[in-house]
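In what follows, a single structure is set out as structure tokens and then discussed.
Residue numbering restarts at 1 for every chain, and letters A, B, ... go by the order of the sequence lines.
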Amino acid sequence: MNAMFKLADSKAPRLLRFPAHSIAGLAGTSFKHEHLGAILAERPAYGFFEVHAENYMGAGGPPHRALESVRCDHPVSLHGVCMSIGGPQRIDAAHLGRFAALVERYEPALVSEHLAWSTHQTTYFNDLLPLPYTEATLARVAEHIDEVQEAIRRPILLENPSTYVMFRDSTMKETDFIRELARRSGCGLLLDINNVFVSATNHGFSAIDYLSDFPLDRVGEIHLAGHAEQTDDQDEPLLIDSHDGPVADAVWTLFDIVLGRCGPIPTLVEWDSKIPDWSVLKAEAMAAQAILNLHAQTAAFGSTYATR
Amino acid sequence: MLPADLPSRGGREKPNYGAVFSSALLDPEQATPECVAGLNGKTATKRYNVYRNNVTLSLMEALASIFPAVQRITGVEFFRAMARFHVRANPPRSPLLFEYGCDFPDFIERYEYARSLPWLADVARIERAWLDCYHAADAEPLRATVMAAVPADRLAELVFLPHPAVRIVRSSFSAVSIFAANRNEEQTDQIQADDPEDALITRPAHDVVVRHLPAGGATFLTRLIEGSPLAVAVSAALEVAPIFDLSASMAGMIDAGVFTTINDGNPQ
């Protein structure tokens, strides 16, 4: 916690260019350009939107116009997808510079990245690739998080991955690895409950046990999403984190359990492929909001990381 | 300092997990890396193939979204085969996917199975330029009133500053008509494919606009964009196209937002 406050204090006071909408206790959705008209037509404006940072790293044009208009009316969550924080090589300084510029420009309520990597040398693989959990990778990833947090002058939320393979070299449990990363770097956590369910099924552990072991006190955002079902080499079920459909019933149940333990936390419904009409995506977010509201009535306070 | 940073102590350094894991992602001939396992340490070929599929298919989809007219012309199956070759041979060098596919038009030009569609590469060049234009920096286009205020005796020496979003694609084929006919899902009439057409791609307000340049227009604008004075650009255009229409081209370039400011040689 100390590291977080140190980072927050070092932020120089400045004038906000956008309204400081609170994100506490809200549900949100991925922002897709095809929904822009429908979103802007909604009155009153409600909920938050999450954008993939890389889609807004062009110099100008319609993407920035769209994000500016969404940001005027809503809190925005800036979600980085390809910083390669979990990779063995150094963070790409140019990419980090672009990321920091977006944080400065759009004043997002939340900033997050993944415990994964996507670039090796100069090749970008456009997927969230896994890493072994060892003392060596722990030290390296903690350094990467420090570097990102120093560049943007605020803590990030680090997202737990969905994975399809284990590394033979791993010596730590994922929850221990993540807890220690948060302790060393002062980062918050983005708990992707669909990822927990997907990984638990794929690797034969209990999602409930994982959540009991997860440092819920550091969670500043929750992700929900749909997944697809396949089978592995031994014909065991293998779930794919596809983000192309509604949230599964089992994931809704886990969501309710998590909120019962830590109160309402900003919650995003991700939908990135086979994108439905706005009304369908909005209905998913409203379902999440209803569960958040139930827990808000009983919770004494939200997470530290959830408030601006 | 971590082990990966230490200089090699004789012999070869053990490759890191990034090198090992990524080695077979784009190469279906390579075996599954031995560093990964499934349940209880069992083989994980199908599991590793999830990553292979994610990488290759998502990059093929990225190309399809950047080059929709090319995909409509070739059909989905043909496009996917061509895109798969390209993705494996030329994966992205940047995490910014909207910059991907800059070398795809050249790849199409050399692609054996696309030889019967000689204009396909130029259509791809227009689509790639369209996305560059879409993401380019914002700037206010030159207003007609500013041009109209220039004294006649200064016109010949005028120099123009190009808008960051302007692109020109020249083609020996009817690339602009073919692009326009295939960019949307509309039914199209037969197009004569071998009338040379040059494309002007600009973003005068919020949206990208693709125009078919008249004879001499591409030479004229290219010279101006390079910084030649107006008189030099006009001479160059007339040399390649004696029918070059200066007043129509000037009106067109203002309307299209090709330039942002003018410099008549006198500091303002």
Side-chain angles (χ1 to χ4, degrees), chain A residues 54-55 57-65 80-84 86-90 92 94-95 98 117-132 134 136-137 139-140 143 163-170 202-204 230-236 238 240-242 273, chain B residues 1-5 15-19 21-23 25-26 32-56 58-59 61-62 87 91-100 131-139 164-165 203 206-208:
Chain A
E54 292 71 22
N55 294 340
M57 289 184 180
H64 288 288
R65 296 296 84 70
V81 179
C82 37
M83 191 72 76
S84 274
Q89 70 190 31
R90 287 178 189 287
D92 176 347
H95 192 74
R98 293 189 290 255
W117 56 283
S118 49
T119 295
H120 175 62
Q121 292 178 341
T122 57
T123 302
Y124 172 63
F125 291 101
N126 196 36
D127 194 20
L128 295 166
L129 303 172
L131 59 149
T134 66
T137 59
R140 171 54 59 98
E143 273 181 19
T163 57
Y164 311 111
V165 297
M166 293 280 205
F167 277 83
R168 296 183 194 278
D169 281 353
S170 283
N202 291 349
H203 303 304
Q230 294 182 13
T231 57
D232 78 349
D233 303 67
Q234 286 79 36
D235 272 337
E236 296 289 339
L238 186 69
I240 310 297
D241 182 29
S242 50
S273 182
Chain B
M1 193 180 256
L2 290 160
D5 281 331
N16 65 41
Y17 61 89
F21 189 91
S22 66
S23 62
L25 282 175
L26 286 166
T32 303
E34 287 180 7
C35 60
V36 299
L39 281 175
N40 306 315
K42 288 185 180 156
T43 54
T45 300
K46 276 179 81 174
R47 288 166 172 264
Y48 182 75
N49 284 348
V50 174
Y51 295 104
R52 278 179 157 147
N53 281 337
N54 284 351
V55 171
T56 307
S58 72
L59 292 173
E61 276 166 24
V87 162
R93 299 288 158 193
S94 159
L96 305 187
L97 274 189
F98 59 79
E99 293 178 350
Y100 188 42
L131 196 59
D132 288 338
C133 179
Y134 183 82
H135 284 286
D138 302 312
R203 211 179 70 216
H206 298 302
D207 298 322
V208 175

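Looking at Ser242(A), neither its backbone nor its side chain comes within 4.5 Å of chain B, counting heavy atoms on both sides. For Ala136(B), the part lying under 4.5 angstrom from a heavy atom of chain A is the backbone only. With a 4.5 angstrom heavy-atom cutoff, Thr123(A) touches chain B via backbone and side-chain atoms both. Of the atoms belonging to His203(A), heavy atoms from both backbone and side chain fall under 4.5 Å from chain B. Heavy atoms of Glu61(B) lying under 4.5 Å from chain A are absent altogether. For chain A, the nearby parts of Tyr51(B) are the backbone and the side chain; heavy atoms of each come within less than 4.5 Å. Of the two parts of Thr163(A), the backbone and the side chain both hold a non-hydrogen atom closer than 4.5 Å to a non-hydrogen atom of chain B. Looking at Asn55(A), only its backbone comes within 4.5 Å of chain B, counting heavy atoms on both sides. In this structure, chain A has no heavy atom under 4.5 Å from any part of Ala62(B). Only the backbone of Leu128(A) comes within contact range of chain B, judged by heavy atoms closer than 4.5 Å.
Between the side chain of Thr43(B) and the backbone N or O of Thr45(B), no donor-acceptor pair lies under 3.5 Å. Judged by distance alone, with hydrogens and angles left aside, the side-chain atoms of Tyr48(B) form a donor-acceptor pair with the main-chain N or O of Phe21(B) at under 3.5 Å. With hydrogens and angles disregarded, a donor-acceptor distance shorter than 3.5 Å links the side chain of Asn16(B) to the backbone of Ala19(B). A distance-only check finds a donor-acceptor pair linking the side chain of Arg168(A) to the backbone of Gly41(B) [under 3.5 Å]. Formation of a donor-acceptor pair under 3.5 Å by the Trp117(A) side chain with backbone atoms of Pro130(A) is found in this model. Although no hydrogens or angles enter the test, the distance criterion places a donor-acceptor pair under 3.5 Å between the side chain of Glu54(A) and the main chain of Cys82(A). Checked by atom type and distance alone, the side chain of Thr137(A) pairs as donor or acceptor with a backbone atom of Thr134(A) at under 3.5 Å.
The pair Asp232(A)-Arg47(B) counts as a salt bridge, with a side-chain nitrogen and a carboxylate oxygen less than 4.0 angstrom apart. Ion pair Asp138(B)/Arg203(B) flagged as a salt bridge, since at least one NZ, NE, NH1 or NH2 atom sits closer than 4.0 Å to an Asp/Glu carboxylate oxygen.
Among Ala137(B), Ala165(B), Pro164(B), Ala139(B), the residue making the largest number of heavy-atom pairs under 4.5 Å with chain A is Ala137(B). Counting heavy-atom pairs under 4.5 Å between each of Glu99(B), Lys42(B), His206(B), His135(B) and chain A puts His135(B) at the top. Counting heavy-atom pairs closer than 4.5 Å to chain A, the top-ranked of the candidates Ser94(B), Pro91(B), Cys133(B) is Ser94(B). For chain B, the option among Gln121(A), His95(A), Gln234(A) with the highest count of heavy-atom pairs below 4.5 Å is Gln234(A). The most heavy-atom pairs under 4.5 Å with chain B, out of Thr119(A), Leu129(A), Val81(A), come from Leu129(A).
Aromatic ring pairs are classed by plane angle as parallel below 30°, tilted from 30° to 60° and perpendicular above 60°; the pair Phe167(A) and Tyr17(B) is perpendicular.
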